[in-house]
Amino acid sequence: MIRVLVPLVVLLAACTTPVRDDSRDGTGPITFVDGRDTTAGSQVRKLVQLWNERASRREQVAFVEMPTSTDAHRAQLTARAQDLEGVADSPECYDVMAVDMVWTEPFAAAGHLEPLDSAEFGVDRMLEEAVEAAKSRDGSRLWAVPWRSDAGLLYYRKDVLEAEGLAPPTSWQELREQASTVAPRYNLHGYVGQFRRYEGLVVNTAEAVWAHGGDLERLDAPETKAGVRALADGFAEGWIPREARDYDENASLTAFQSGQALFMRNWPYAGPVLDTPGSPVKGKWGRVALPWPSALGGWNLAVSRCSANQRTAREFIKFVTSDANQRRMGELAGFGPTSQALYEEPDLVPPELRDSLLNARIRRPSPHYDELTSVMQESLHHVLEKPDSVDQSLDQLADDLAEAAEGR
Ligand code: GLC
């Protein structure tokens, strides 16, 4: 009996606790890669500085910024990881990488990440869904540590709505009504969001679809079609400006911040940016939870397979994801924490963000999300320009996705 048990226990332990390769578990200088630091006052850069001031001279962190779009960010990390496959100790290796929750698992499955020990990072204290998205499909391996949680918010021009005696919209119909009637009187675009052909488009479409009772798992359902049509109609009617077809998070934020739009859908980081000194809308904006479910977003921190200084990499991840530094990034950058305890601090997590996060949904639950999203992006970007093609295009998309999911 014991003979059987021992190997089994060892095997189970091996599944949950990564086996450490001592030659890679060194301390020394590392690089940390995140998307371009678009936070108010470059708070990610400052956090890295804080580490560098406290760490020894041997363990300094060099910060590398990727493009803002999550798709481009991933493409660059993938290319670098592939180039370095099998290469030991390359100075080109990105030791610690910020990875989007929606592609953490497939990125890890491609062999680019080092498995981590849950207990070492105290992931039990973190939001369950965020932790789940950072694990392997069977839940046995932790690939990354949840760093920040994202949920969509509806930003609005408080000065304009107050002058009109209006409360912010509580439904899609009210949004459309205010965006198409009030905005033009103030020479403003009605509504901006992220409609470029990239992941943000799927996020914005999923939310419009949920607002109409559909979901991306049933693309050919009448409610889903109604949601997509509502967006396409918004463009056709003009209350969503044509330019927004090229907007990502930052471009929509620039439009809203420079006083061009009445409403904007964006993530929490936009709040502190709108209040920076010299911001044209400082003090003139408000925000509420989206009146419909938001897509759940967020970023995790991972250790690269190619990293030689993995001990330092893990220490740096512990530093960044500590409750103290999540609090700091909540206060200064508006980031939604992943630590559950911080949700009990109302000054840190404002009610609209808490509400939005608690109601947030997975975009399209699927082990193949990864492949499905690029098919969706292409079709949806096209369809937004052609409200008449919504029915047919979504029927087609539903078929294409069924095939993609089966790997055909
Ligand atoms: C934010 C979210 C991420 C999402 C991306 C889409 O960065 O955190 O999950 O995929 O926006 O643009």
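Just so you know, ligand 1 is whichever comes first in the structure, and atom 1 is the first atom listed for that ligand.
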- Query: Strictly by modelled atom types, are Glu59 and Thr27 linked by a side-chain donor-acceptor pair under 3.5 Å?
  - Reply: no
Show the short N or O contacts, below 3.5 Å, that ligand 1 makes with protein N or O atoms; if there are none, say 'none'.
residue, atom, partner, partner atom, Å
ligand 1, 7 (O), Trp299, NE1, 2.9
ligand 1, 8 (O), Asp150, OD2, 2.6
ligand 1, 8 (O), Gly298, N, 3.0
ligand 1, 8 (O), Trp299, NE1, 3.1
ligand 1, 9 (O), Asp100, OD1, 2.8
ligand 1, 9 (O), Asp100, OD2, 3.4
ligand 1, 9 (O), Gly298, N, 3.2
ligand 1, 9 (O), Arg363, NH2, 2.8
ligand 1, 10 (O), Asp100, OD2, 2.6
ligand 1, 10 (O), Arg363, NH1, 2.8
ligand 1, 10 (O), Arg363, NH2, 3.4
ligand 1, 11 (O), Glu249, OE2, 3.3
ligand 1, 11 (O), Trp267, NE1, 3.1
ligand 1, 12 (O), Glu249, OE2, 2.6

For Glu378, the side-chain contact (heavy atoms from CB on, under 4.5 Å) test, sequence neighbours excluded, returns Arg197
In terms of heavy-atom contacts, does CD of Glu345 have more than 12 from other residues, nucleotides or ligands at under 6.0 Å?
yes
Contacts of Asp248 meeting side-chain contact (heavy atoms from CB on, under 4.5 Å) (sequence neighbours excluded), chain-then-number -> Thr68, Arg196, Tyr198, Asn250, Ala251
| message | Take a 6.0 Å sphere around CZ of Arg242 and say whether it holds more than 12 heavy atoms from other residues, nucleotides or ligands. | response | no
Here the disulfide (SG to SG under 2.5 Å) pairs for residues 237-279, sequence neighbours left out, are none
